[in-house]
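Here is how names work: the chains are called A, B, and so on, in the same order as the sequence lines, proteins then strands, and each is numbered from 1.
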Amino acid sequence: MRRILSSDVVNHAGKQVKIRGWLHKKRMLGGLNFINVRDRAGLVQILVEDKDEVEKLRGMQIGTVLSIEGEAAKDDRAPNGMEIHHPKLIIEVPVLDEPPIEIDKPLTHKPDNLDTLFEHRPLGLRNLREAAIFKVQAKVLEAFREYFSANDFTEMNSPKLLAEATEGGAEVFKLDYFGRTATLAQSAQFYKQIMVGVYERVFETNPTYRAEPSATTRHMTEYITIDAEIGFIEFEDLLEHAGACLISVISKTEKDCKKELKAWNTPPFKLPRAAKDIPRYDITEVHEMFARANKENHSDEDDLAPAEERWICEYAKKSHGSEAVFITGWSTKSKTFKFYHRANEKNPELADRADLLFRGVEIATLSMRENRYDKLIAQLKATGGDPTNPGYAPLLSVYKYGMPPHGGWGWGLERTVEKILNLNSVKEATLFPRDMNRLTP
RNA sequence: GGGCUCGUGGUGUAGCUUGGCCUAACACGCCUCCCUGUCACGGAGGAGAUCGCCGGUUCAAAUCCGGUCGGGCCCGCCA
């Protein structure tokens, strides 16, 4: 007999069916026993009455792989009104040891216990509430791809093993490469810019490595960036794309992940319908507003303090009904200005750059890139870079041979999922998180 | 890297302030038995922890002190 999925049992009422999956829960009442079996579609309940069949389950722990043939039966008392009666059980893979972590009840996500959560992650992920996180992540990625596909982007993949770090900024991992030193990519920045010269619009969902000794709820040493780069646009178009992308990602998640969002009790999303209505604030403006409303003052800082990011998102939610905001007005004089960024034509003191904040955390950084070769070289020199460094050669060559105005973003996948589900740490939204202290499992 | 915090059966906690009634309690999970509609099933019984580790104070340490190891939070840095 061919296997059907748990979700399909409902379509076979009165007929013999076969399902396969993992033993997820046992409720042994004596003469009347219920087990739940998990497969990729979810759970199905099986009513086991026959003494010989019940005996097969003795000592079988959660995780036991089962094959079950029985009669699909409608019954209002069963979950979803459907279950399997008169089953014949085959123990495909017996499990005799009890799992070290709960599979069928919610696991704690208290900060003090995250270590245990991650230590037992391979099994903990079988917990439906944990699995829900990564179902959402998969949907979010799908939503990004849908947006990119609908807007003519070409997906690309760039190497993560590099000769040396040139982008600057974050610390880089070094490793032995047949006697030479290689580095792990801390961004796909140069490659996606190069690819604009080929396809105009490109994107990549790629691992990114940062050797920052950061111990926060926002940082990991390896994470997924959704990189996009778009040719023949201006700053306004870039903001429009990022805003529209966020709105479509959130609305797809809202539509396709109802069960998962409910499992995490997430608050309803508040976003404007149109990207142009996402509130924008200059960084100096946020500094001032924050200082007026709070006891702290961060006006002398180049970037927003985490407390300011949280505050401005709350503010925008209350006053504009938007949990997302763009932070603009970044100075070209500060160290946040990188050599490939473009200064504003009308106001060269400011960069054509924005951060996208969502539910209190920075999820993406957007900027226009300087596409004029001479200007790019000048900016590289001005920021302490050496244009003759061979690491810059591939990037500089495409500018020499014609690049249109373009811009793009680096967008943190885990931070986005974290905030969608209202989790407290990026690591909770990462299958197998990597940080300063954790390299396993 | 700086500041602050936490460490008790497989899991989550209580006890620690004010040392002794701790021969370490409770819930989940596990084992045995009872239970014909459970769905966080219920009931009775049971196994399982030298309280992260080392040292000190004391008649007496899970509890106080010092060190050490391992986590976490915030900040800096960044997605």
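Here the separation of B:C53 from B:G70, taken at their P atoms, is 15 Å to the nearest Å. B:G20 sits 14 Å from B:G15 when the P atoms are compared, rounded to a whole Å. When the C1' atom is compared between B:C51 and B:G46, the two are found 23 Å apart, to the nearest whole Å. One P atom belongs to B:C26, the other to B:G9, and the distance between them is 16 Å to the nearest Å. Taking the C1' atom of each, B:A62 and B:U23 are spaced 14 Å apart, rounded to whole Å. Spacing between B:G12 and B:U18 at atom P, rounded to whole Å, works out to 29 Å. Taking atom C1' in both B:A47 and B:C28, the straight-line distance is 16 Å, to the nearest Å.
Using a 4.0 Å cut-off between a side-chain N of Lys or Arg and a carboxylate O of Asp or Glu, A:Lys192 and A:Glu204 do not qualify as a salt bridge. A:Glu119 and A:Arg438 are joined by a salt bridge, as a carboxylate oxygen and a charged side-chain nitrogen come within less than 4.0 angstrom of each other. Of the charged side-chain nitrogens involved, at least one lies within less than 4.0 Å of a carboxylate oxygen, so that A:Arg77 and A:Asp75 count as a salt-bridged pair. Between A:Glu142 and A:Lys139 a salt bridge is recorded (basic side-chain N to carboxylate O distance below 4.0 Å).
Proximity of A:Asn437 to the phosphate of B:G72: a side-chain N or O atom is located under 4.0 Å from OP1 or OP2. Listed pair A:Arg218 / B:C74 fails the phosphate criterion, with no side-chain N or O lying under 4.0 Å from OP1 or OP2. Contact between the side-chain N/O atoms of A:Arg210 and the OP1/OP2 oxygens of B:C78 is not found at any separation under 4.0 Å.
Residues A:Glu362 and A:Arg415 come closest through the heavy atom pair O-NH1, 2.8 Å.
In this structure, B:C64 and B:G56 make a Watson-Crick or G-U wobble pair, each of the two defining distances being under 3.5 angstrom. For B:A44, the paired nucleotide is B:U32, the pair qualifying as Watson-Crick or G-U wobble because both relevant distances are below 3.5 Å.
In this pair, A:Phe153 and A:Phe148 present their aromatic rings tilted. The plane angle is within the 30 to 60° band.
A distance of 6.0 Å or more separates the ring centres of A:Phe290 and A:Tyr281. A centroid separation of 6.0 Å or more is found between the aromatic rings of A:His298 and A:Trp311.
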Item to check | Working for side-chain contact (heavy atoms from CB on, under 4.5 Å), residues A:Asp282 and A:His287 | outcome: CA-CA 9 Å; A:Asp282 275 6; A:His287 282 321; over 6 Å; no
Checklist entry - Do A:Phe235 and A:Ser367 pass the side-chain contact (heavy atoms from CB on, under 4.5 Å) test, and can you show the C-alpha distance, the side-chain angles, and the key distance before you say yes or no? => result CA-CA 7 Å; A:Phe235 188 45; A:Ser367 87; over 6 Å; no
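Using a 4.0 Å heavy-atom cutoff across all strands shown, A:Thr216 reaches at least one base atom of the nucleic acid. Within 4.0 Å of A:Thr108, counting heavy atoms only, lie sugar-phosphate atoms of the nucleic acid but no base atom. Contacts of A:Pro100 with the nucleic acid, taken as non-hydrogen atoms under 4.0 Å apart, involve only primed sugar atoms and P, OP1 or OP2.
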Checklist entry - What one-letter contact string describes nucleotides 27-37 of chain B from 5' to 3', where B marks a base within less than 4.0 Å of any protein heavy atom, S marks contact via sugar-phosphate atoms alone, and - marks no contact? => result -BBSSSS-BBB
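In terms of position on RNA chain B, the residue among A:Arg438 and A:Ala305 whose nearest nucleotide sits closer to the 5' end is A:Arg438.
Side-chain proximity of A:Glu309 to B:G71, B:C78, B:A79: nearest is B:C78. The side chain of A:Pro111 has B:C73 as its nearest neighbour among B:C41, B:U13, B:C73. Closest to the side chain of A:Ser425, from the set B:A79, B:C78, B:C73, is B:C73.
In the displayed structure, A:Phe173 atom CZ is contacted under 6.0 Å by more than 12 heavy atoms of other residues, nucleotides or ligands.
For RNA chain B, none of the residues of residues 5-19 of chain A falls under the heavy-atom distance limit of 4.0 Å. Sorted by residue number, the members of residues 114-139 of chain A with any non-hydrogen atom under 4.0 Å from RNA chain B read A:Asp115, A:Thr116. Listed by residue number, the members of residues 282-300 of chain A with any heavy atom below 4.0 angstrom from RNA chain B form an empty set.
Atom CD1 of A:Ile46 is separated from atom NE2 of A:His86 by 13.5 Å, given to the nearest 0.5 angstrom.
With sequence neighbours left out, A:Asn36 forms a side-chain hydrogen bond (donor to acceptor under 3.5 Å, both in side chains) with no residue at all. For A:Phe432, the side-chain contact (heavy atoms from CB on, under 4.5 Å) partners at least two apart in sequence or on another chain are A:Arg121, A:Pro122, A:Leu125, A:Arg434, A:Pro441.
Each of A:Val325, A:Ile278, A:Ile420 was evaluated against A:Phe358; a single residue qualifies, A:Ile420, per the side-chain contact (heavy atoms from CB on, under 4.5 Å) test.
For A:Glu171 and B:G76, the CD to P distance is 17 Å, given to the nearest whole Å. Counting to the nearest Å, the P atom of B:C77 and the CG atom of A:Asp355 are 13 Å from each other.
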